[in-house]
There are 2 protein chains.
Amino acid sequence: MDDSPREFGPFAVTADLVIFTVRPPMTEVLLIQRAEEPFRGEWALPGGFVAVDQSLIDAARFKLSDKTGIDVEAAHLEQLASFGEPERDPRMRVVSVAYLAMVAHPPEPRAGSDAMRAAWRSIDQLGGTDLVFDHNTILRAGVERAKAKLEYTTLATSFCGSEFTMGELRSVYETAWDTQLDPANFHRKVLASPGFVEPTGITISQPKGRPAKTYRRGRATDLRPPIQRS
Amino acid sequence: MDDSPREFGPFAVTADLVIFTVRPPMTEVLLIQRAEEPFRGEWALPGGFVAVDQSLIDAARFKLSDKTGIDVEAAHLEQLASFGEPERDPRMRVVSVAYLAMVAHPPEPRAGSDAMRAAWRSIDQLGGTDLVFDHNTILRAGVERAKAKLEYTTLATSFCGSEFTMGELRSVYETAWDTQLDPANFHRKVLASPGFVEPTGITISQPKGRPAKTYRRGRATDLRPPIQRS
DNA sequence: GAAATAGTGTCTTTGAGACAATATATG
DNA sequence: CATATATTGTCTCAAAGACACTATTTC
């Protein structure tokens, strides 16, 4: 390592967010329409520069609550990956540390000062070439990570409210994976996974059909064995 | 986002490497003894500052071949995670983009200009508190990622040479996971995974026992179903 | 009652693991 | 031949999936 790190700069660092929510039958991602140059008026992932005395995760947390208005404690937030091609930002060398967030039932998004608008968009409708910078690449990485993590972690519950039915939990998987799962087998499988969910003892009525028992998240984070995507 | 990213700097960015090799019965990581301040003489992960016109992966590739003397094409290299706590480096704000590398049968490491020494060290012998900066944290993340990836990817083959026997491949798992696997079941399982390995048609003699057929990597990258860690 | 969703029972198939048996080398 | 490792065979057990069936609601 070199003694004079300043000779290698200057770099800037951003925290950019891939925020998903599941609203059956669609998985949605939060996008903003940029209010500033470069790419004013075009769509991008929410994000912003990390201050020199701010940790990466704090920068991501701040943006998450700023945009979604959601309690950060209730949401899932994890680092996704970093993107740092030299020409990815026309202004200067910028390394983007991308974060993946999963939120349940968010309210209408807030544009904030850096965006003309903020909106949830179905990830199926994105052609794959709409976003500025390298945000399409980042979004794709987020989609892959999210799908994979549903398999072997309990993160599907982050897309549900604090109390949810088996049907709601199942519809998270069905929506994210775009498949149909057998309700009976799914039910058994979830209950057989220690710490995945715990019963609340409450049964709630549905718009249609038999009322369902509700559950809340258990303490487990990993699912062993996993729930397989067919 | 802000129009004046320079106001948020200055940042420096490093690419740091967690380089593993498996030499049964030990999993080893490459460490360097720093030749420069800060922490001169202490042990750290190999790494270095990213130049302003250099991509992150190129910086990692350069360091990997520089330190190990290995053909980068033959090794596995992937981004691990980024570490950017404000006080992690005493000199200035430095974000470390960590990379995970897996190499087979490396030659003696080269110290290079920034290191007094470079050496392979067993990860079992590391107490967990030897490395400078936050490199213990980075190393732990690397260990976890590597163990997990062996389960559901074909990456175990990156720890083997271009041609290997079932026994060698099995010993990679046994060493990394510190378990014993049934040779018969392992053999069947690997051959039953499409694209994991392909036969070379060659049989080589062993120091002891029946000669073994050799295989090379197949085209598959993911293992479905995974090889379970018990 | 018809329709819809929740939840249970049960059978079949598949795959993992235990372990016996066979194959082929070295000393 | 004794021993070690490779490779194949076979049995058992457990989990996954298909699907019939029951339970309880709304309209």
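Computed from heavy atoms alone, side chains included, the values below leave out hydrogens, waters and symmetry copies. In what follows, chains are A, B, ... by sequence order, proteins preceding strands, each numbered from 1.
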Per nearest nucleotide of DNA chain C, the residue lying toward the 5' end, S205(B) or P226(B), is P226(B)
By nearest-nucleotide position on DNA chain D, the 5'-leaning member of Y215(B) and G209(B) is G209(B)
> Is any side-chain heavy atom of L126(B) less than 4.5 Å from a side-chain heavy atom of R121(B)?
Replying inline: yes
Considering only heavy side-chain atoms of A212(B), the closest of dA6(D), dT5(C), dG7(C) is dA6(D)
Rounded to whole Å, CG of L191(A) lies from C1' of dG7(C) at a distance of 10 Å
Between Y215(B) and F164(B), how do the two ring planes meet: parallel, tilted or perpendicular, split at 30° and 60°?
tilted
Here the distance between atom C1' of dA14(D) and atom CZ of R224(A), to the nearest Å, is 16 Å
Look at the aromatic rings of Y173(B) and W177(B) and report parallel, tilted or perpendicular, splitting at 30° and 60°.
-> perpendicular
| said: A side-chain contact here means heavy atoms from C-beta on lying under 4.5 Å apart; do R23(B) and W120(B) qualify? | reply: yes
| request: Would you please confirm or rule out a distance under 4.0 Å between OP1 or OP2 of dA16(C) and any side-chain N or O of Q228(B)? | output: no
- prompt: Got D114(A) and K67(A) here, is their nearest side-chain heavy-atom distance under 4.5 Å?
  reply: yes
Separation of dA16(C) atom C1' from K189(B) atom NZ, nearest Å, is 8 Å
So, with a heavy-atom separation below 4.0 Å from DNA chain D, the residues of residues 155-187 of chain A are D182(A), A184(A), N185(A)
note: I204(A), atom CD1; dA6(C), atom P; distance rounded to Å ~ 10 Å
Exactly one of R217(B), K213(B), R216(B) clears salt bridge (charged side-chain N to carboxylate O under 4.0 Å, His left out) with E163(B), and that residue is R216(B)
Among dC27(D), dT10(C), dT24(C), the one nearest any side-chain atom of R188(A) is dT10(C)
Regarding the side chain of P225(B), the nearest nucleotide among dT25(D), dA16(C), dT7(D) is dA16(C)
Base dA6(D) to side chain R210(B), donor-acceptor N/O within 3.5 Å cut-off
yes
Would you say that V18(B) contacts I138(B) through its side chain, given a criterion of any heavy-atom pair below 4.5 Å between the two side chains?
yes
